[in-house]
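Single-structure report; data block below.
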There are 2 protein chains.
Amino acid sequence: MDETLRLSLQTCFALYGASRAVTSAYRPLLDPLGLTYPQYLVLLVLWERDGRAVKEIGAELRLDSGTLSPLLKRLEAAGFVERRRETADERVVTVHLTGSGRALRESVACVPGQVAAKAGLDREELIALRDVLTRLTRTIEGKTP
Amino acid sequence: MDETLRLSLQTCFALYGASRAVTSAYRPLLDPLGLTYPQYLVLLVLWERDGRAVKEIGAELRLDSGTLSPLLKRLEAAGFVERRRETADERVVTVHLTGSGRALRESVACVPGQVAAKAGLDREELIALRDVLTRLTRTIEGKTP
DNA sequence: GGCATTTAGATTGCGCACAACTCAATCGCG
DNA sequence: CGCGATTGAGTTGTGCGCAATCTAAATGCC
């Protein structure tokens, strides 16, 4: 097989493996708090700005309602968020942190540092990796809308 | 929040997003053939060397039997592979390509090239990305065995 | 005002991932 | 040889991720 094709395959597989490895690096840290990695991402979005619509959260994380609806239901069942149907536009549901949802922020403050330590990349590499992955994602999404 | 922690979060999220973006770049190419990306990976492993044990495939792709057993069952139902319980050691099941499983190889020959085109990274970037991701995965797996 | 179109969210269904468990076969050690 | 420990595969249950579909609400256009 062509060298370039092989390289493409290897890179895609490396991406697939690395993503699972990072998620599994988060797992032992989040599990004691009763969170999964995607749930943690939703909370990050809400900690930055509370009371967002499901739609906005989805735009931020690139997740549709098919993924978010049940996930938010679980976060609500766990007591970390509340969902409110807006009166101004009753199609919209906004998601609000509860007290324990806000409190969780302190509990996970050390998580990113611990994951960074497990990853073992230095600052330069993290920046380069973040930037090339962001560009890759944007390029693909531009071509598969 | 600490600048470094933010960087770590951004990089993990970029990895999570890029992995899904790449998988979704494969989807329209593999879907007409009745394959998913993980199924395609299993076939890649078998095209390289046929008749491997489930265990070996799992070691190659870092997938356990909980993922592979039903996946292989679906590949078998689709007529691309056959599973045989070994007589020498009856715990072992080896997976063998069928004629149509082998034939599929030609049909997907163009796939990696098309994905590479969608990704829009040049050769140097692909190599750098593959290598840093491979190192990242190994480092994490070394620390979370 | 009335009706088609669009929009936000939920639901259904399928296929991974992964943990936890079962079961049968094999291995290893006394 | 016998038997406990280990191994390989499968099963069960949970939680994404995404396509397809549904419903209700809002919008637009006449």
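Just so it is clear, the structure is predicted and the values come from calculations on it, not from any experiment. Convention: sequence-line order gives letters A, B, ...; per-chain numbering from 1.
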Which whole-number value in Å describes the distance from [X] [atom1] to [N] [atom2]?
X: B:L35; N: C:dC14; atom1: CG; atom2: P; value: 18 Å
X: B:L68; N: C:dC18; atom1: CG; atom2: P; value: 11 Å
X: A:D31; N: C:dC18; atom1: CG; atom2: P; value: 14 Å
X: B:L72; N: D:dG8; atom1: CG; atom2: P; value: 16 Å

Check: [X] side chain, [Y] main-chain N or O, donor-acceptor pair, under 3.5 Å:
X: A:E90; Y: A:T87; value: no
X: B:R52; Y: B:R49; value: yes
X: B:T134; Y: B:R130; value: yes
X: B:S69; Y: B:G66; value: no
X: B:K118; Y: B:A25; value: yes
X: B:T98; Y: B:F80; value: yes

Check nucleotides 12-20 of chain D against the protein and report each pair of N or O atoms closer than 3.5 Å, with its distance, or say if there are none.
unit_1, atom_1, unit_2, atom_2, d
D:dC16, OP1, A:T36, OG1, 2.7
D:dC16, OP2, A:Q39, NE2, 2.8
D:dC16, OP2, A:R74, NE, 2.8
D:dC16, OP2, A:R74, NH2, 3.1
D:dC16, O5', A:R74, NH2, 3.1
D:dG17, OP2, B:Y16, OH, 2.3
D:dC18, OP2, B:R20, NH1, 3.0
D:dC18, N4, A:G66, O, 3.4

Notebook entry, point to check: Residues from residues 83-90 of chain B sitting under 4.0 Å of DNA chain C, heavy atoms only?
Noted result: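 Here the set is B:A88, B:D89, B:E90.
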Check: Tell me, which pairs form a side-chain hydrogen bond (donor to acceptor under 3.5 Å, both in side chains) where one or both residues lie in residues 72-85 of chain A, sequence neighbours left out?
Finding: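 Non-adjacent pairs meeting side-chain hydrogen bond (donor to acceptor under 3.5 Å, both in side chains): A:E76-A:R83, A:R84-A:H96.
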Checklist line | Residue pairs fulfilling side-chain hydrogen bond (donor to acceptor under 3.5 Å, both in side chains) with at least one residue in residues 35-48 of chain A, sequence neighbours excluded | finding: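 Listed once each, the pairs would be none.
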Check: Does A:K73 have a side-chain nitrogen or oxygen under 4.0 Å from the phosphate oxygens OP1 or OP2 of C:dT11?
Finding: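 Yes, within the criterion.
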Note to self: Can you list everything that forms a side chain to side chain contact (heavy atoms under 4.5 Å, CB included) with B:R62? Sequence neighbours excluded, please.
What the structure shows: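 B:R62 satisfies side chain to side chain contact (heavy atoms under 4.5 Å, CB included) with A:R20, B:E141 once adjacent residues are dropped.
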Checklist line | B:P32 versus B:P28, closest heavy-atom pair with distance | finding: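 B:P32 and B:P28 have their closest heavy atoms at CD-O, 3.0 Å.
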Item checked: Nearest heavy atoms of B:T67 and B:L63, plus distance in Å ->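 Reported closest heavy-atom pair: CG2-CD2, 4.1 Å.
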Show the distances under 3.5 angstrom between N or O atoms of the protein and N or O atoms of nucleotides 4-7 of chain C.
unit_1, atom_1, unit_2, atom_2, d
C:dT7, O2, A:R91, NH1, 3.2

